[in-house]
Amino acid sequence: MPVDRCICHDIPFAKLLEEARARGLTTIEELQEQKLSSTKCKLCFPYVKKMLLNGQTSFIPGKGIDPE
Ligand code: FES
């Protein structure tokens, strides 16, 4: 099963990316301020960072993320 959403905020990364682009949000801090994702358990944090960097919205568990 791919990692493709922020479970705590119940939002798929594809929808999150769409919202981020529509609102002009480019950092995870801005997504947190808007309460869109990544404010609770933060397990999605590295995936969301990677999504913001390259637009990837689905990740294979165990393949590594390498967000920086
Ligand atoms: S999965 Fe995103 S904050 Fe918990």
Side-chain angles (χ1 to χ4, degrees):
M1 176 183 286
V3 178
D4 65 356
R5 65 193 58 237
C6 173
I7 295 169
C8 297
H9 287 264
D10 192 27
I11 184 167
F13 294 149
K15 176 70 175 168
L16 184 58
L17 183 60
E18 186 181 302
E19 284 292 326
R21 288 178 173 165
R23 299 181 192 199
L25 308 175
T26 58
T27 68
I28 196 163
E29 290 80 10
E30 290 172 328
L31 294 176
Q32 290 173 312
E33 286 168 14
Q34 302 263 326
K35 306 271 190 281
L36 287 171
S37 73
S38 316
T39 64
K40 297 179 182 176
C41 77
K42 297 186 173 70
L43 288 175
C44 63
F45 204 94
Y47 300 99
V48 172
K49 284 186 79 173
K50 182 81 171 191
M51 177 197 79
L52 290 169
L53 281 174
N54 70 0
Q56 185 177 352
T57 57
S58 184
F59 302 86
I60 305 299
K63 286 288 188 182
I65 301 166
D66 191 25
E68 300 302 329

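This one's a predicted model, so the numbers in the text were calculated from it and none came from an experiment. As the structure lists them, so they are numbered: ligands from 1, and atoms in each ligand from 1.
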Subject >> N54 atom CG: more than 12 heavy-atom contacts under 6.0 Å >> reply: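 Above 12, so yes.
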**OP:** Work out which heavy atom in M51 is nearest to a heavy atom in L31; give both atom names and the distance.
**Re:**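 Looking at all heavy atoms of both residues, the shortest contact is CE-CD1, 4.5 Å.
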Subject >> C6 versus F13, closest heavy-atom pair with distance >> reply: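 Heavy atoms only, the tightest pair is N-CE2, 3.5 Å.
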Original post:
Does ligand 1 have an atom under 4.0 Å from some heavy atom of S37?
Top reply: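 Not so, S37 does not reach ligand 1.
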**OP:** Give a yes/no answer: is there an N/O/S atom of C6 under 2.8 Å from atom 2 (Fe) of ligand 1?
**Re:**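 Yes, C6 qualifies, because one of its backbone or side-chain N, O or S atoms lies under 2.8 Å.
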Original post:
Within less than 2.8 Å of atom 2 (Fe) of ligand 1, any N, O or S from C41?
Top reply: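 It does not: C41 brings no N, O or S atom closer than 2.8 Å to atom 2 (Fe) of ligand 1.
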Subject >> Nearest-neighbour protein heavy atom for atom 3 (S) of ligand 1, which is reported as residue plus atom name and distance >> reply: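 Result for atom 3 (S) of ligand 1: K42 N, 3.3 Å.
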**OP:** Do me a favour and list the nearest non-hydrogen protein atom to atom 1 (S) of ligand 1 with residue, atom name and distance?
**Re:**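 The closest one turns out to be I7 N, 3.4 Å.
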Original post:
Side-chain contact, heavy-atom cut-off 4.5 Å: L16 with H9?
Top reply: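 Sidechains of H9 and L16: no contact.
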Original post:
Is there a donor-acceptor contact under 3.5 Å from the side chain of Q32 to the main chain of T39?
Top reply: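 Checked: no pair found.
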